[in-house]
Novice: 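I am attaching a structure below and will ask some questions about it afterwards.
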Amino acid sequence: QVQLVEFGGGLVQPGGSLRLSCEASGSITTIYVMGWYRQVPGKQRELVATITNTGRINYAESVMGRFTISEDNAKNTVYLQMNSLKPEDTAVYYCNYNVGYWGQGTQVTVSS
C-alpha cells in the first residue's frame, strides 16, 4: 500500500501562483510514475503532469509553459508549481502514484 498526502491548494487570483506538494509513504518502489490530475464537477479526471523515476516528464498541453512538476527523492515528494493561473485551472487536484494510488485531492480555485 502507498499513502499520498497533498498540500498547497487554495484560492488565488488570475495570474497568480500556487505550489502543490504530494508526499508518498508506504510501499514505495524504485520504478514509478507520479503525477497530478485534476477534475471539475461533471467532467472526467484529466492528466496535468507526470514524472517518472528516470526523470521523464509529461505535461498536458493546457498547462505547458505555466506548470512545472518536480520531485525530491529524499522526501518521496512530488511538487507542482503552478504559475500564470487561469480561472479554467480551477479544479480538485489529485496526486497519483503508479496509476493505482490516489491522494485525497486538494481544491485549487482561481478567481478574482
Side-chain angles (χ1 to χ4, degrees):
Q1 290 290 328
V2 173
Q3 294 77 44
L4 303 171
V5 180
E6 300 141 340
F7 300 96
L11 172 65
V12 64
Q13 292 187 342
S17 298
L18 280 176
R19 189 174 84 152
L20 307 182
S21 61
C22 172
E23 182 175 351
S25 61
S27 301
I28 307 298
T29 62
T30 56
I31 299 174
Y32 61 83
V33 178
M34 285 190 76
W36 294 93
Y37 292 72
R38 65 188 182 186
Q39 189 171 23
V40 298
K43 291 190 175 182
Q44 285 191 327
R45 195 170 295 186
E46 65 176 11
L47 178 146
V48 176
T50 58
I51 186 167
T52 71
N53 59 290
T54 62
R56 187 170 186 176
I57 290 174
N58 183 43
Y59 292 105
E61 189 172 338
S62 59
V63 307
M64 209 169 292
R66 299 187 297 122
F67 291 11
T68 302
I69 190 169
S70 62
E71 61 181 349
D72 183 334
N73 290 326
K75 297 180 180 179
N76 293 324
T77 298
V78 65
Y79 303 96
L80 186 68
Q81 177 67 43
M82 304 185 293
N83 299 327
S84 302
L85 282 160
K86 304 176 182 180
E88 51 263 43
D89 294 317
T90 296
V92 178
Y93 284 69
Y94 295 91
C95 180
N96 178 269
Y97 181 88
N98 281 354
V99 181
Y101 297 98
W102 293 94
Q104 79 280 7
T106 185
Q107 177 71 46
V108 172
T109 302
V110 185
S111 175
S112 55

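If you read the sequence from its start, that first residue is 1, and numbering goes on from there.
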Novice: Run the side-chain donor-acceptor check on residues 14-26: report pairs under 3.5 Å with partners two or more places apart or on a different chain.
Specialist:
| from | atom 1 | to | atom 2 | distance (Å) |
| --- | --- | --- | --- | --- |
| Ser17 | OG | Asn83 | OD1 | 2.9 |

Novice: Check the angle between the aromatic planes of Trp102 and Tyr94 and answer parallel, tilted or perpendicular using the 30° and 60° thresholds.
Specialist: perpendicular

Novice: What are the two closest non-hydrogen atoms of Ala91 and Val40, and how far apart are they?
Specialist: CB-CG1, 3.6 Å

Novice: Would a distance-only check, ignoring hydrogens and angles, find a side-chain to backbone donor-acceptor pair under 3.5 Å from Ser112 to Gln13?
Specialist: no

Novice: Indicate, with yes or no, if Trp36 and Val99 share a hydrophobic cluster defined by side-chain heavy-atom contacts under 4.5 Å among Ile, Leu, Val, Met, Phe, Trp and Tyr.
Specialist: no

Novice: Would a single hydrophobic cluster contain both Val92 and Tyr97, if residues Ile, Leu, Val, Met, Phe, Trp and Tyr are joined by side-chain heavy-atom contacts under 4.5 Å?
Specialist: no

Novice: Which atom names give the shortest non-hydrogen contact between Leu80 and Ala49, and what distance separates them?
Specialist: CD1-CB, 4.2 Å

Novice: Please set out all donor-acceptor pairs under 3.5 angstrom arising from side-chain atoms of residues 54-61, sequence neighbours excluded.
Specialist:
| from | atom 1 | to | atom 2 | distance (Å) |
| --- | --- | --- | --- | --- |
| Thr54 | OG1 | Thr52 | OG1 | 2.8 |
| Tyr59 | OH | Ile69 | N | 2.9 |

Novice: Sorted by first residue and then second, give each salt bridge (Lys or Arg N to Asp or Glu O under 4.0 Å) pair with at least one member in residues 87-99; sequence neighbours left out.
Specialist: Arg38-Asp89, Arg66-Asp89

Novice: With rounding to the nearest 0.5 angstrom, report the OH to CD1 distance, Tyr79 to Ile51.
Specialist: 11.5 Å

Novice: Run Leu11 and Gln107 through side-chain contact (heavy atoms from CB on, under 4.5 Å) and show every step you take.
Specialist: CA-CA 8 Å; Leu11 172 65; Gln107 177 71 46; over 6 Å; no

Novice: For Val5 and Gln104, which heavy atoms make the closest approach, and how far apart are they?
Specialist: CA-OE1, 4.0 Å

Novice: Which value, rounded to the nearest 0.5 Å, describes the distance between Asn76 atom CG and Tyr32 atom OH?
Specialist: 8.0 Å

Novice: Distance-only, no hydrogens or angles: does the Asn98 side chain make a donor-acceptor pair with backbone N or O of Gly100 under 3.5 Å?
Specialist: no

Novice: Got a second to check how far Leu85's CG is from Phe67's CZ, nearest 0.5 Å?
Specialist: 5.0 Å

Novice: Work out which heavy atom in Ser27 is nearest to a heavy atom in Val2; give both atom names and the distance.
Specialist: O-CG2, 3.5 Å

Novice: Is any side-chain heavy atom of Met34 closer than 4.5 Å to one of Leu4?
Specialist: yes

Novice: Return the OG1 to CG distance between Thr29 and Asn53, rounded to the nearest 0.5 Å.
Specialist: 7.5 Å

Novice: Keeping the roles fixed (side chain from Glu6, backbone from Cys95), state whether a donor-acceptor pair exists under 3.5 Å.
Specialist: yes

